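Let me begin by presenting the structure, written as C-alpha cells, before commenting on it.
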Amino acid sequence: MPLVYQGADTQVVYFRPSGSYPTTSGAAVWVGLVQESSTDENENREPIRYMVGPGTRNLDIFLDKNPEYTGTLKFLVQDGRFFTWAVGSVANAAGSVHTISETGGNIYWFDIQDTKSSATANRTIRRTFVGATIESFTVRGKEGDPIEAEAEWVAQSVTYASGTGTSITSDNTTPYMWDDVSVQISGGGIDGDLLEVKEFEWSITNNFDNPYYLANTRFKGQSVPGNREYSISFTLNLTEVTGGQLYDQLYKGGSSFNGQINLMRASGTDDLRIIFSGAKVTSFEQNTPAEGTVEATMEFIPQSCTIIIRDSGANATYPYVL
C-alpha cells in the first residue's frame, strides 16, 4: 500500500508580486496558522459531437475552453500581512506602522502554493496557483476562540511540480485570541467600548471581473476590481445601558456611526485595527426567550475601511503596494 498523504504532510505559502502581472519573486511567505485549504480547478474541457455522418454514436472531440481556478483558505491570524491583498494600497511608516487603505485602482496579486510533501523523491504534489487575487476576505472572532480569517481567491493558472516542498521557517507566534479584542463605536449617542459583544465578523468583497483577453492564451488576464462591498456584524448580550440605544438610534433612527475592531497583544507595537466609518445598521435581530440570556445580532455596512497594523517583531516586513 503506497503512502497516503496526511494533514501533517501539507503546507501552504504565498509569494509577492514583482513587475507586471502575474509575475512574483522572492522567498515564500508564511500565511498564518492554516486550518484549511481547498481548491476548485475547472479546466472547462467540453466534449463535442458534430455531424460527421454514420459510423459511431460516440463523442467526437474535446475542446479545452478557458480554465477557472478558485480556492478558499482559512487560517488563524498571527499578523496582518495577508490583509494587504484584500483592500488596496499599503504605506509603510517609521516604527513598523503599516496602513492599508482603499487608495489605488488595483488589488494586487500573489502566488499561492499548496504542497503535499513526501520523503520519497519526486512524489511530492506541489501546485502553485499563479496570479491569485482576493475575491473576498473575512475576519471573524467568537468568545473564547482564536481569531480566524477566510480568503476566497481566484487565480490565472496553476503549475505542478513533484520534487520537494518550498523551504520556509514556521512561525509559532500565538494567534490573536478573543481576549485580545476590543470593539468601539461612536455615533448615535454612543461613544466607547461595546463590552457586551460576544462575536464579530468583518468582510470585504471585491466583485472582480475576470477577463479573458485576445492574448493567444486560454488563461485569464489580471482581475479588474468592481464595486467594493463591506459587511460587519456583532452578536452581543442586550444590556440596559446600550440595548435601547443600539436599536432606537442606530437601527430605527438610522444614525451614521464610526468605529473600530481592535486586535491587540501589545498596544502600539503588536496590534491590528480595522477602522470603519460612515456605517449604517441594516438589520437588528433580538430574541425574547422565556429563560436565558437575551441576545441581539446587529448587521451594518460601512462606507469605507482602513486597516492599521503595528508590528515591530520578526514579521515586520510588509509589501509596499501602490
Side-chain angles (χ1 to χ4, degrees), residues 3-16 24-39 71-86 90 92 95-98 100 110-119 124-129 132 134 137-153 161 163-182 199-202 261-274 307-319:
L3 171 72
V4 176
Y5 295 105
Q6 301 292 308
D9 301 318
T10 62
Q11 174 182 280
V12 178
V13 297
Y14 70 94
F15 299 86
R16 292 172 176 153
T24 59
S25 66
V29 184
W30 184 260
V31 175
L33 302 179
V34 176
Q35 303 296 293
E36 181 181 337
S37 177
S38 59
T39 58
T72 301
L73 183 64
K74 295 180 181 180
F75 60 95
L76 306 184
V77 178
Q78 294 171 292
D79 56 55
R81 285 180 297 177
F82 208 78
F83 288 61
T84 60
W85 314 115
V90 181
N92 293 320
S96 300
V97 178
H98 319 281
I100 307 173
F110 56 95
D111 289 355
I112 187 163
Q113 189 176 90
D114 182 300
T115 303
K116 284 86 173 174
S117 297
S118 172
T124 289
I125 299 175
R126 189 177 73 200
R127 296 174 300 161
T128 303
F129 293 88
I134 298 294
F137 189 73
T138 302
V139 182
R140 59 176 65 95
K142 187 176 182 180
E143 56 179 335
D145 290 342
I147 306 307
E148 180 186 68
E150 178 176 338
E152 295 185 0
W153 51 264
T164 59
T166 299
S167 176
I168 190 170
T169 301
S170 61
D171 182 357
N172 60 2
T173 302
T174 301
Y176 286 109
M177 300 296 293
W178 179 252
D179 52 287
D180 297 322
V181 178
S182 66
E199 187 173 344
F200 77 87
E201 182 172 294
W202 172 89
I261 301 168
N262 305 311
L263 312 181
M264 290 193 178
R265 292 195 195 93
S267 178
T269 59
D270 189 359
D271 59 50
L272 189 160
R273 291 179 290 159
I274 302 173
I307 299 174
I308 298 178
I309 302 156
R310 288 178 287 194
D311 185 353
S312 58
N315 297 323
T317 301
Y318 283 70

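Since this is a predicted model, take the numbers as computed values, not measurements.
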(request) Mind listing the closest non-hydrogen atom pair of G80 and I100 along with its distance? (result) O-CD1, 4.3 Å
(message) Within this structure, what is the CG-CG distance for the pair D79 and D171, rounded to the nearest 0.5 Å?
(response) 7.0 Å
(request) Indicate yes or no: at least one non-hydrogen side-chain atom of I261 is less than 4.5 angstrom from one of R273. (result) no
(message) I want to check something: taking the side chain as every heavy atom from C-beta on, are K116 and T124 in contact at a cut-off of under 4.5 Å?
(response) no
(message) Is there a side-chain contact between F200 and I274 in this structure, where contact means two heavy atoms from C-beta onward sitting under 4.5 Å apart?
(response) no
(message) I need the T138 OG1 to K74 NZ distance, nearest 0.5 Å.
(response) 10.0 Å
(message) Just to verify, what does D180 make a side chain to side chain contact (heavy atoms under 4.5 Å, CB included) with, not counting sequence neighbours?
(response) Y176, M177, R265
(message) Would you say that V12 contacts I112 through its side chain, given a criterion of any heavy-atom pair below 4.5 Å between the two side chains?
(response) yes
(request) Could you tell me which residues satisfy ring-ring contact (aromatic ring centres under 6.0 Å, His included) with F75, sequence neighbours excluded, listed by chain and number? (result) F82
(message) Taking side-chain hydrogen bond (donor to acceptor under 3.5 Å, both in side chains) as the definition, give me every residue that meets it alongside S182, ordered by chain and number, with sequence neighbours left out.
(response) N262
(message) Using the side chain to side chain contact (heavy atoms under 4.5 Å, CB included) criterion, which residues pair with Q113? Sequence neighbours excluded.
(response) V13, F15, T115, R126, T128, T166
(request) Would you please name every residue forming a side-chain hydrogen bond (donor to acceptor under 3.5 Å, both in side chains) with T169, sequence neighbours left out? (result) none
(request) Supply the atom-to-atom distance T84 OG1 to I309 CD1, rounded to the nearest 0.5 angstrom. (result) 7.5 Å
(request) Rounded to the nearest 0.5 Å, what's the gap from OG1 on T174 to CD on Q78? Could you check? (result) 8.5 Å
(message) With a 4.5 Å cut-off on side-chain heavy atoms, are V31 and L73 touching?
(response) yes
(message) As a quick check of understanding, evaluate side chain to side chain contact (heavy atoms under 4.5 Å, CB included) for D271 and L263, giving each step before the final call.
(response) CA-CA 6 Å; D271 59 50; L263 312 181; over 6 Å; no
(message) Rounded to the nearest 0.5 Å, what separates atom CG in L272 from atom CD1 in I307?
(response) 6.5 Å
(message) Looking only at the side chains, is there a donor atom on one of D111 and T24 sitting less than 3.5 Å from an acceptor on the other?
(response) yes
(message) For I168 versus V29, what's the shortest heavy-atom pair and its separation?
(response) CD1-C, 3.6 Å
(request) List for me each residue that meets ring-ring contact (aromatic ring centres under 6.0 Å, His included) alongside F83, sequence neighbours excluded, and say none if there are none. (result) F137
(request) Determine the minimum heavy-atom distance between D114 and S37, stating which atoms define it. (result) OD2-OG, 3.2 Å
(message) Restricting to non-hydrogen atoms, name the atom on V77 and the atom on A149 that form the minimum distance, rounded to 0.1 Å.
(response) CG2-CB, 3.7 Å
(request) Heavy atoms only: give me the nearest A28-S167 pair and the separation to one decimal. (result) CB-O, 4.4 Å
(request) Only counting residues at least two apart or in another chain, list the ones meeting side-chain hydrogen bond (donor to acceptor under 3.5 Å, both in side chains) with W202. (result) none
(request) Under the salt bridge (Lys or Arg N to Asp or Glu O under 4.0 Å) rule, collect the residues that match up with R140, sequence neighbours excluded. (result) E148, E150, E201
(message) What's the separation between atom CE in M264 and atom OG1 in T269, rounded to the nearest 0.5 Å?
(response) 10.0 Å
(request) Please list, chain by chain and in numerical order, all residues satisfying side-chain hydrogen bond (donor to acceptor under 3.5 Å, both in side chains) with T39, sequence neighbours excluded. (result) R127
(request) Quick one: closest heavy-atom pair of R310 and V97, and the distance? (result) CG-CG2, 3.8 Å
(request) For residues W30 and S170, determine if any side-chain heavy atom of one lies less than 4.5 Å from a side-chain heavy atom of the other. (result) yes
(message) Which label fits Y14 and W85: parallel for a plane angle under 30°, tilted from 30 to 60°, or perpendicular past 60°?
(response) perpendicular
(request) Could you please spell out the steps behind the ring-ring contact (aromatic ring centres under 6.0 Å, His included) verdict for W153 and F110? (result) CA-CA 10 Å; W153 51 264; F110 56 95; 7.7 Å; no
